[in-house]
A.B. asks: 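Handing you a structure now.
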There are 2 protein chains.
Amino acid sequence: MRKDKVSEAVIRRLPKYYRYLMELERIGVERISSQELSKKMGIKATQIRQDLNCFGGFGQQGYGYQVKMLKKEIKDIIGLNREYRVILVGAGNIGQALANYIGFEKEGFNIVGIFDVNPKLIGNTIRSKTIMDIDTLHTFAKQNRIDLCIITTPKENAQQIADMVIGVGIKSIWNFAPVDVEARKGVFVENVHLNDSLYTLVYRINEQEGMKKRECLPAKGGE
Amino acid sequence: MRKDKVSEAVIRRLPKYYRYLMELERIGVERISSQELSKKMGIKATQIRQDLNCFGGFGQQGYGYQVKMLKKEIKDIIGLNREYRVILVGAGNIGQALANYIGFEKEGFNIVGIFDVNPKLIGNTIRSKTIMDIDTLHTFAKQNRIDLCIITTPKENAQQIADMVIGVGIKSIWNFAPVDVEARKGVFVENVHLNDSLYTLVYRINEQEGMKKRECLPAKGGE
DNA sequence: TAGATTGTTAATCGATTAACAATC
DNA sequence: TAGATTGTTAATCGATTAACAATC
């Protein structure tokens with residue numbers, strides 16, 4: 001049965017389920033129990049069942065889950081059963097990489113406009129899409145239905161771009177600039193923060209080394 | 001006082017603190033209270049104090065925190081007070097974007113080797129670093145001290161590359177391939193999963209729309 | 001039917017938040 | 001000193017996990 005509110009933690013796990021189910025389907029697995037899936041994914045079976053039951057009872061007692069069906073369900077739940085019209089603002093390193101990445105297109109994300117300020121980039125094409133002058137963004141966004149805006153500008157411009165595209169009615173922003181883009185209620189922002197990701201990794205490296213040197217653990221019994 | 005174990009949640013917030021403190025220092029703010037910082041960051045003041053006290057008492061009662069000092073402390077805690085020698089495997093779209101991004105270099109991450117299988121890429125240079133044949137990776141990694149390996153290969157090769165670099169003693173992996181790279185204890189892996197990030201964003205878009213259509217909320221009192 | 005495995009309730013665990021004494 | 005704000009303990013909240021009845 002459906003839960004009244006799906007927690008952030010569950011939402012974050014949905015794409016992971018999708019990923020594993022895609023792979024299982026690809027290698028021809030027909031059914032899987034929460035137990036088996038648990039072992040593969042490294043999370044508890046009971047959590048899997050709990051998570052899935054936020055959206056419906058997709059399994060069958062004594063049998064498990066049909067991989068194909070469950071994958072399809074999760075695909076629908078995430079919203080990958082439709083197409084998305086995407087614009088990308090900032091055609092630098094990361095912008096170009098994302099525009100070139102065909103994985104997104106395969107899942108229904110179509111880049112319909114690429115924008116930049118740099119005159120050297122304007123007019124160039126990425127996968128047959130012309131990079132347009134950022135001054136034309138406002139008009140373009142008004143004239144075309146756009147579902148999602150990717151921001152890959154320097155951090156100084158990110159919020160300004162966000163405000164502008166929100167102003168013309170765009171409801172979701174995938175931000176790669178290293179600032180937290182803010183938006184009014186009803187607009188969805190996902191801040192990626194690659195730096196942060198790297199730093200947590202680096203923290204762990206040093207945490208271990210630090211243990212020895214710093215002796216920061218209050219001795220808690222023997223060991 | 002230092003906590004015996006710093007939770008994952010706290011670790012994930014450290015780079016965010018660092019980011020905000022960098023900005024505060026840049027714009028010339030000398031001191032800040034947990035209350036003010038709370039407002040800026042959108043997290044509770046009490047959580048900030050709780051978090052910081054995992055590592056030490058950096059504040060002063062009745063005054064707050066010295067921005068410069070606290071930034072320095074967090075920088076040290078994360079481990080950004082030293083240099084890292086990095087190799088990058090997979091010089092495709094994302095690999096090139098990361099190799100070109102100077103932000104990492106500024107924080108002490110030096111790319112000392114770039115590798116690919118593609119003969120068309122091998123020999124090319126990215127920021128004056130030559131792309132080398134992946135067959136030379138094993139020898140290279142043995143002969144050079146390397147702190148971190150960035151994997152930007154297709155998903156099919158990611159685990160294999162990981163196993164190899166772990167085999168020659170590399171202790172941390174920043175993986176961009178859309179699979180969960182596994183590693184033995186003592187090796188740190190950060191799986192980035194850009195797709196997952198996009199999908200959670202997309203989920204939110206549809207969640208809202210879904211509300212109306214599906215009527216999945218059990219009516220809980222009025223409204 | 002017997003065996004397996006789900007869906008779901010209840011218990012546990014951990015993280016966030018409130019409250020306040022300590023102290024600058 | 002009085003006011004401000006930390007550091008820290010205790011309370012709350014939410015997420016994970018265990019347990020088991022339901023059922024295929």
Side-chain angles (χ1 to χ4, degrees), chain A residues 1-14 16-17 20-21 24 29-71 73-74 77 200 203 216-218 220, chain B residues 1-14 16-17 20-21 24 29-71 73-74 77 200 216 218 220:
Chain A
M1 306 301 114
R2 292 210 184 82
K3 281 261 187 67
D4 28 343
K5 187 70 168 76
V6 180
S7 78
E8 179 69 15
V10 174
I11 296 169
R12 293 261 156 218
R13 280 191 293 270
L14 286 175
K16 185 168 178 176
Y17 290 124
Y20 276 84
L21 289 163
L24 286 168
V29 176
E30 272 192 19
R31 60 162 217 164
I32 194 158
S33 67
S34 59
Q35 191 59 242
E36 290 169 284
L37 191 55
S38 158
K39 215 187 295 173
K40 280 192 194 294
M41 293 183 65
I43 61 180
K44 288 275 192 301
T46 188
Q47 180 164 69
I48 293 173
R49 298 204 298 278
Q50 193 75 284
D51 283 357
L52 295 179
N53 283 13
C54 292
F55 305 99
F58 303 126
Q60 200 171 327
Q61 280 97 329
Y63 176 87
Y65 300 86
Q66 263 192 277
V67 169
K68 199 166 185 169
M69 181 271 247
L70 185 57
K71 188 216 78 176
E73 291 286 353
I74 290 178
I77 291 164
T200 58
Y203 172 84
C216 62
L217 296 180
K220 208 196 226 171
Chain B
M1 308 296 117
R2 289 210 183 81
K3 281 260 186 65
D4 29 343
K5 185 75 168 75
V6 179
S7 79
E8 180 69 16
V10 174
I11 295 169
R12 293 262 156 217
R13 280 191 295 269
L14 286 176
K16 187 169 175 175
Y17 290 124
Y20 277 83
L21 289 164
L24 286 168
V29 176
E30 272 192 18
R31 59 164 220 164
I32 194 158
S33 67
S34 59
Q35 190 59 243
E36 290 169 284
L37 190 55
S38 159
K39 214 186 294 174
K40 280 191 195 296
M41 293 183 65
I43 63 179
K44 289 276 192 299
T46 188
Q47 179 164 72
I48 292 172
R49 298 203 300 275
Q50 194 76 283
D51 284 357
L52 296 179
N53 283 13
C54 292
F55 305 99
F58 303 127
Q60 199 172 327
Q61 280 97 330
Y63 176 88
Y65 300 86
Q66 262 192 277
V67 170
K68 199 166 187 169
M69 184 271 248
L70 185 57
K71 189 217 78 178
E73 290 285 354
I74 291 179
I77 290 163
T200 58
C216 62
K220 207 197 227 173

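These figures come from a predicted structure and were not determined experimentally. Chain A is the first sequence line, chain B the second, and so forth, proteins listed ahead of strands; every chain is numbered from 1.
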A.B. asks: Can you tell me if Glu36(A) uses its side chain to pair, donor with acceptor, with the backbone of Ser33(A) under 3.5 Å?
C.D. replies: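 A pair under 3.5 Å: yes.
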
A.B. asks: Roughly how far, to the nearest 0.5 Å, is NZ of Lys44(A) from CD of Gln35(A)?
C.D. replies: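 Output value for this atom pair is 10.0 Å.
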
A.B. asks: Nearest nucleotide by nearest heavy atom, which residue falls closer to the 5' end of DNA chain D, Val10(A) or Arg49(A)?
C.D. replies: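 Checking each residue's closest nucleotide, the 5'-ward one belongs to Val10(A).
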
A.B. asks: Among dT8(D), dA15(D), dA15(C), which nucleotide has an atom closest to any side-chain atom of Asn53(B)?
C.D. replies: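 Looking only at heavy atoms from C-beta outward on Asn53(B), the closest nucleotide is dT8(D).
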
A.B. asks: Could you walk me through whether Leu70(A) and Ile32(A) satisfy the side chain to side chain contact (heavy atoms under 4.5 Å, CB included) test, starting with their C-alpha distance in whole Å, then the side-chain angles of each, then the deciding distance to 0.1 Å, before giving a yes or no?
C.D. replies: CA-CA 10 Å; Leu70(A) 185 57; Ile32(A) 194 158; 5.5 Å; no

A.B. asks: Could you tell me which nucleotide pairs with dC24(D) by Watson-Crick or G-U wobble geometry, both distances under 3.5 Å, or answer none if nothing does?
C.D. replies: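 Pairing partner: dG3(C).
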
A.B. asks: Between Arg31(B) (CZ) and dC24(C) (P), how many Å, whole number?
C.D. replies: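 Going from Arg31(B) (CZ) to dC24(C) (P), I get 16 Å.
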
A.B. asks: Let me know, please, whether Ile43(A) or Gln61(A) comes out on the 5' side of the other along DNA chain D by nearest nucleotide.
C.D. replies: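 So the residue in question is Ile43(A).
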
A.B. asks: With a 3.5 Å cut-off and just heavy-atom distances, do the side chain of Thr46(B) and the base of dA18(C) make a donor-acceptor pair?
C.D. replies: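 Such a pair is found, so the answer is yes.
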
A.B. asks: Please pick, from dT16(D), dA15(D), dT6(C), the nucleotide with the shortest atom-to-atom distance to any side-chain atom of Ser7(A).
C.D. replies: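 Ranking dT16(D), dA15(D), dT6(C) by closest atom to the Ser7(A) side chain puts dA15(D) first.
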
A.B. asks: Whether Tyr65(A) contacts dA4(C) is assessed here as follows: a side-chain N or O lying under 4.0 Å from the phosphate OP1 or OP2. Is that the case?
C.D. replies: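 Result: no.
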
A.B. asks: I'd like to know if Gln50(B) reaches the base of dT6(D) with its side chain, counting only an N/O donor and acceptor under 3.5 Å.
C.D. replies: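 Counting by modelled atom types and ignoring angles, no donor-acceptor contact under 3.5 Å is found here.
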
A.B. asks: Ignoring hydrogens and angles, does a donor from either the side chain of Gln35(B) or the base of dT6(D) sit under 3.5 Å from an acceptor on the other?
C.D. replies: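 Between dT6(D) and Gln35(B), which were checked side chain against base, a qualifying N/O pair under 3.5 Å is absent.
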
A.B. asks: Specify the separation, in whole Å, of atom CG of Leu37(A) and atom C1' of dT6(C).
C.D. replies: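 Interatomic distance, CG of Leu37(A) to C1' of dT6(C): 14 Å.
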
A.B. asks: Under the side chain to side chain contact (heavy atoms under 4.5 Å, CB included) rule, what do Arg13(A) and Gln47(A) come out as? Steps first, then yes or no, please.
C.D. replies: CA-CA 10 Å; Arg13(A) 280 191 293 270; Gln47(A) 180 164 69; 3.4 Å; yes

A.B. asks: Would the base of dT23(D) count as contacting Gln60(A) through its side chain, where contact means a donor and an acceptor less than 3.5 Å apart?
C.D. replies: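 By the distance-only test, no, there is no pair.
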
A.B. asks: Whole-Å distance between dG7(D) C1' and Gln47(B) CD?
C.D. replies: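 So the CD-C1' distance, Gln47(B) to dG7(D), works out to 15 Å.
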
A.B. asks: Can you tell me how far P of dA15(D) sits from CD of Glu8(A), to the nearest Å?
C.D. replies: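 Answer to the nearest Å: 10 Å.
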
A.B. asks: Using side chain to side chain contact (heavy atoms under 4.5 Å, CB included), reason through Val6(A) and Leu14(A) one step at a time and then give a plain yes or no.
C.D. replies: CA-CA 11 Å; Val6(A) 180; Leu14(A) 286 175; 5.7 Å; no

A.B. asks: Under a 3.5 Å cut-off for both distances, is dA15(C) Watson-Crick or wobble paired, and to whom?
C.D. replies: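 The base-pairing partner of dA15(C), which may sit in any strand shown, is dT12(D).
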
